[in-house]
Amino acid sequence: MTELHPDFADLAVRPGESHITARHELFDVVNVIEFGGAADRPTHVPAELGAVGPVSIWESTGAADRLPFWNTNLDGDQFLYIVHGSVRVEFKETEGDEHYGHYIGRTGDLLRLPKDVAHRTYSGDGRRRISLELMPRNPFWDDLGAEPVTPDTSRRAGGFAFEIHDTEVEITWPGGGALSTPRDLFTRGLHALCAYELHLGHNEFDGGFVVHDLGERVRLKAPGHAETLDGRDVLAVFHGLRDAL
């Protein structure tokens with residue numbers, strides 16, 4: 001048995017068994033509670049457990065606070081199934097201020113996260129949760145890890161510069177623009193973006209810094225300024241920042 005995180009210490013987990021004797025590549029069984037509740041599972045860094053045609057099945061362990069950014073699904077609706085725990089999901093206009101309300105989801109609930117609407121998840125009870133996400137498969141996920149990434153330690157992506165402080169990251173751009181975003185959330189967001197090589201749709205950090213995946217290119221935005229850059233170059237910068245953080 002995998003050691004469970006303290007937030008799931010009250011769960012009794014008895015995984016099933018596989019007795020497959022041939023053609024092992026065709027078969028798979030995973031206990032979602034054991035997998036998602038493991039003490040060493042990072043939060044908000046999804047792991048793909050399987051796929052059905054064009055639909056991916058992710059396990060995503062939610063943090064005891066919140067998703068590090070507002071995320072918008074661009075390829076289609078997404079469904080969030082709460083395996084164990086509680087979540088509040090807020091919805092708003094992408095890159096806008098209009099809010100559309102929220103869900104309160106608990107163990108057993110299946111929640112629809114609409115395409116082209118920004119969402120952000122918050123713990124409903126101050127503890128982690130175990131959840132499954134079902135969504136259209138991004139074709140770029142097939143090549144994750146195929147090319148090694150050499151971290152760029154310049155802390156610059158195009159005209160954007162990143163300065164690390166004790167509790168925040170300051171982001172500046174040409175013309176004197178600047179914003180600050182919480183360091184802990186920015187760090188966790190970079191871990192997810194790096195794990196999926198930026199292919200996570202549209203992501204808006206606190207303060208207004210946006211990472212918008214365009215496939216081989218990525219659009220970085222801040223209030224009043226935007227640049228479209230080579231995705232691999234930005235990924236290398238984000239690897240360098242993630243390592244420094």
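Keep in mind that this is a model prediction, so the values were computed, not measured. Heavy atoms only: backbone and side chains are in, while hydrogens, waters and symmetry mates are out.
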Does the side-chain contact (heavy atoms from CB on, under 4.5 Å) test come out yes or no for Asp152 and His239, once each step is laid out?
-> CA-CA 7 Å; Asp152 178 347; His239 269 258; over 6 Å; no
Salt bridge [X]-[Y], side-chain N to carboxylate O under 4.0 Å:
{"X": "Arg232", "Y": "Glu197", "result": "yes"}
{"X": "Arg188", "Y": "Asp65", "result": "yes"}
{"X": "Lys92", "Y": "Glu90", "result": "no"}
{"X": "Asp10", "Y": "Arg127", "result": "yes"}
{"X": "Arg120", "Y": "Asp206", "result": "yes"}
{"X": "Arg219", "Y": "Asp213", "result": "no"}

Verify side-chain contact (heavy atoms from CB on, under 4.5 Å) between Asn71 and His119, making sure each step is shown before the conclusion.
-> CA-CA 5 Å; Asn71 173 255; His119 71 271; 3.1 Å; yes
[X] and [Y]: which non-hydrogen atoms are nearest, and at how many Å?
{"X": "His212", "Y": "Leu74", "result": "NE2-CD1, 3.4 Å"}
{"X": "His225", "Y": "Pro174", "result": "NE2-CD, 3.8 Å"}
{"X": "Arg137", "Y": "Ser56", "result": "NH1-OG, 3.1 Å"}
{"X": "Ala222", "Y": "Phe160", "result": "CB-CE2, 3.8 Å"}
{"X": "Ala64", "Y": "Ser123", "result": "O-CB, 3.4 Å"}

I need the [X] [atom1] to [Y] [atom2] distance, nearest 0.5 Å.
{"X": "Glu168", "Y": "Thr181", "atom1": "CD", "atom2": "OG1", "value": "9.0 Å"}
{"X": "Ile104", "Y": "Ser86", "atom1": "CD1", "atom2": "OG", "value": "6.5 Å"}
{"X": "Leu111", "Y": "Ser131", "atom1": "CG", "atom2": "OG", "value": "9.5 Å"}
{"X": "Arg155", "Y": "Ile171", "atom1": "CZ", "atom2": "CD1", "value": "13.0 Å"}
{"X": "Asn73", "Y": "Asp116", "atom1": "CG", "atom2": "CG", "value": "8.5 Å"}
{"X": "Thr43", "Y": "Arg66", "atom1": "OG1", "atom2": "CZ", "value": "11.5 Å"}

Are [Y] and [X] co-members of a hydrophobic cluster defined by side-chain heavy atoms under 4.5 Å apart?
{"X": "Leu200", "Y": "Leu144", "result": "yes"}
{"X": "Phe91", "Y": "Trp70", "result": "no"}
{"X": "Val13", "Y": "Tyr81", "result": "yes"}
{"X": "Tyr122", "Y": "Tyr100", "result": "no"}
{"X": "Val55", "Y": "Trp141", "result": "no"}

Any chance you could lay out the salt bridge (Lys or Arg N to Asp or Glu O under 4.0 Å) test for Lys221 and Glu204, step after step, and finish with the verdict?
-> CA-CA 9 Å; Lys221 300 181 69 175; Glu204 182 181 349; over 6 Å; no
Donor-acceptor contact below 3.5 Å, side chain [X] vs main chain [Y]:
{"X": "Thr61", "Y": "Gly36", "result": "yes"}
{"X": "His165", "Y": "Thr167", "result": "no"}
{"X": "Asp230", "Y": "Asp233", "result": "yes"}
{"X": "Asp243", "Y": "Gly240", "result": "no"}
{"X": "Glu59", "Y": "Phe35", "result": "no"}

Per the ring pair (Phe, Tyr, Trp, His ring centres under 6.0 Å) rule, which among Phe238, Trp58, Phe140 passes with Tyr196?
->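 For Tyr196, the ring pair (Phe, Tyr, Trp, His ring centres under 6.0 Å) test succeeds with only one of Phe238, Trp58, Phe140, which is Trp58.
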Taking it one step at a time, do Val89 and His102 satisfy side-chain contact (heavy atoms from CB on, under 4.5 Å)?
-> CA-CA 5 Å; Val89 189; His102 66 275; 5.8 Å; no
Any donor-acceptor N or O pair under 3.5 Å, side chains Thr94, Thr72 | yes
For Ser180 and Glu170, test the side chains for any donor-to-acceptor distance below 3.5 angstrom and give the result as yes or no.
-> no
Between Arg112 and Asp77, does a salt bridge (Lys or Arg N to Asp or Glu O under 4.0 Å) hold up when you go through it step by step?
-> CA-CA 7 Å; Arg112 178 184 179 184; Asp77 290 351; 2.5 Å; yes
Would you check, one step at a time, whether the test ring pair (Phe, Tyr, Trp, His ring centres under 6.0 Å) holds for Phe209 with Phe69?
-> CA-CA 10 Å; Phe209 180 63; Phe69 39 52; over 10 Å; no
Reference residue Ile82; test side-chain contact (heavy atoms from CB on, under 4.5 Å); the match among Val87, Leu110, Ile130, Leu132 |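 Considering Val87, Leu110, Ile130, Leu132, a side-chain contact (heavy atoms from CB on, under 4.5 Å) with Ile82 is found only for Val87.
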Show your working on side-chain contact (heavy atoms from CB on, under 4.5 Å) between Thr121 and Arg129 and close with a plain yes or no.
-> CA-CA 11 Å; Thr121 57; Arg129 72 175 179 280; 3.2 Å; yes
Step through the shown structure and confirm whether more than 12 heavy atoms of other residues, nucleotides or ligands are within 6.0 Å of CD on Glu93.
-> yes
